[in-house]
Amino acid sequence: MNKELYELSYSLKKEMRQRVLSIVCMLVAVYIVINLILAFVVFPVRQVSVSMESDVGRNSCIMFSPLKKRFGRGAVVLVNPLDSEDVPFLKKAGASFISFVTAGQVSAGNMNNLVGKERQIRRVVGLPGDTIYMRDYVLYIKPRGEKYFLTEFELAEKSYNVNVSTNPAGWDNSIGVIGSFEEMTLGRNEYFVLGDSRISCIDSRLWGPLKKDDVCAGAVLQYFPFSRLSLF
């Protein structure tokens, strides 16, 4: 009788160990798949500033894809940090996992909160070969081979809105981000990006034109707030 109980107990322990091992293997596999998705397919980003209002408001959440590498006029993109710092792999992977499972509502370690240190959401307004200038925060564009300038809104593939506040009377226009600049021509593989909140946003007016490699992903879907659900 004791021998039968011993064999039964051993079988139960062995079965339990197998179940635990199976669960651990499944969790590891899920973790690997999620990180592969985040790295190569699609990932959520929470907008923490007002730089893209009014179309992409503060605390909006957007799905971006690194596979979306065609940047048309008016496209919303994710720009690589200008002054990046090395983040340990485990910290980066853990932050990505938390961001994924919370649909972008939680960003571990405040990894998306430092201007210039983390990726920024901006809009592509100038393409390679364009001649551009700005007046009163509106960009005017003459595409390569064309004779006339048109506004960014006339040339955009999809309509969008910009937020331009009126400065108080007597405001020194040298303070803040410039609202006008003279003609410049974008070179090969150069893109001009702007924020939709034109008065206070840091963008190509300060950075200069960006290379295609400076853009890491294109926007696919805005899923929060639900009232602003839309495809890009």
Derivation and outcome, side chain to side chain donor-acceptor pair (under 3.5 Å), residues Q222 and S60: CA-CA 7 Å; Q222 181 172 216; S60 295; 3.3 Å; yes

Over all atoms of both residues, closest heavy-atom pair of [X] and [Y]:
X: G195; Y: M52; answer: CA-SD, 3.8 Å
X: L155; Y: P143; answer: CD1-CG, 4.0 Å
X: P44; Y: M63; answer: N-SD, 3.7 Å
X: D130; Y: V125; answer: OD2-O, 4.5 Å
X: Y140; Y: T151; answer: CE2-CG2, 3.5 Å

Not counting sequence neighbours, list each pair that qualifies as a salt bridge (charged side-chain N to carboxylate O under 4.0 Å, His left out) and has a residue in residues 131-151.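 Qualifying pairs, neighbours excluded: R135-E182.
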
Taking only residues at least two apart or on different chains, which pairs with a member in residues 183-192 satisfy salt bridge (charged side-chain N to carboxylate O under 4.0 Å, His left out)?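 Checked against salt bridge (charged side-chain N to carboxylate O under 4.0 Å, His left out) - neighbours excluded - the pairs reaching residues 183-192 are E190-K211.
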
Evaluation steps, side-chain contact (heavy atoms from CB on, under 4.5 Å), between D55 and R228: CA-CA 8 Å; D55 288 354; R228 303 295 294 273; 4.3 Å; yes

Do [X] and [Y] make a side-chain contact, defined as non-hydrogen atoms from C-beta onward lying under 4.5 Å apart?
X: P128; Y: Y191; answer: yes
X: I62; Y: Q47; answer: no
X: R123; Y: L194; answer: no
X: V77; Y: V79; answer: yes
X: L186; Y: L127; answer: no
X: V138; Y: F153; answer: yes
X: D203; Y: F192; answer: no
X: V20; Y: S22; answer: no

Rounded at 0.5 Å granularity, tell me how far [atom1] in [X] sits from [atom2] in [Y].
X: S54; Y: N163; atom1: OG; atom2: CG; answer: 6.0 Å
X: N189; Y: D213; atom1: CG; atom2: CG; answer: 6.5 Å
X: F226; Y: C61; atom1: CZ; atom2: SG; answer: 9.0 Å
X: M134; Y: I141; atom1: CE; atom2: CD1; answer: 9.5 Å
X: S65; Y: F40; atom1: OG; atom2: CZ; answer: 12.0 Å
X: Q120; Y: C216; atom1: CD; atom2: SG; answer: 10.5 Å

Full working for side-chain contact (heavy atoms from CB on, under 4.5 Å) between S204 and R122: CA-CA 10 Å; S204 283; R122 296 293 182 264; over 6 Å; no

Do the charged groups of R73 and E154 touch, with an N to O distance under 4.0 Å?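 No, no charged N to carboxylate O under 4.0 Å.
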
Hey, is the main chain of K69 close enough, under 3.5 Å, to the side chain of K212 for a donor-acceptor pair?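 Yes; at least one donor-acceptor contact below 3.5 Å.
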
Determine, step by step, whether E53 and R58 satisfy the side-chain contact (heavy atoms from CB on, under 4.5 Å) criterion, reporting the C-alpha distance in whole Å, the side-chain angles of both residues, the deciding distance to 0.1 Å, and the verdict. CA-CA 7 Å; E53 289 188 340; R58 187 176 184 181; 4.1 Å; yes

Starting from [Y], can I reach [X] by hopping between I/L/V/M/F/W/Y residues whose side chains sit under 4.5 Å apart?
X: L67; Y: I37; result: no
X: I23; Y: L21; result: no
X: L150; Y: Y148; result: no
X: L27; Y: I32; result: no
X: V50; Y: I202; result: no

Find out whether the Lys NZ or Arg CZ of R205 is both under 6.0 angstrom from the six-membered ring centre of F181 and within 45° of the ring's axis.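 Cation-pi check for R205 and F181: fails.
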
Determine, step by step, whether V215 and N80 satisfy the side-chain contact (heavy atoms from CB on, under 4.5 Å) criterion, reporting the C-alpha distance in whole Å, the side-chain angles of both residues, the deciding distance to 0.1 Å, and the verdict. CA-CA 6 Å; V215 180; N80 283 321; over 6 Å; no

Quick one about S197 and S51 (side-chain donor to acceptor, distance below 3.5 Å, no hydrogens or angles considered), yes or no?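 Looking only at side-chain atoms, S197 and S51 do not form any donor-acceptor pair under 3.5 Å.
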
Would you tell me whether N59 and R46 have side-chain atoms, one donor and one acceptor, within less than 3.5 Å of each other?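 The answer is yes; a qualifying pair exists.
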
Indicate the ring-plane relationship of F43 and F64, choosing parallel, tilted or perpendicular according to the 30° and 60° boundaries.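 F43 vs F64 ring planes: parallel.
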
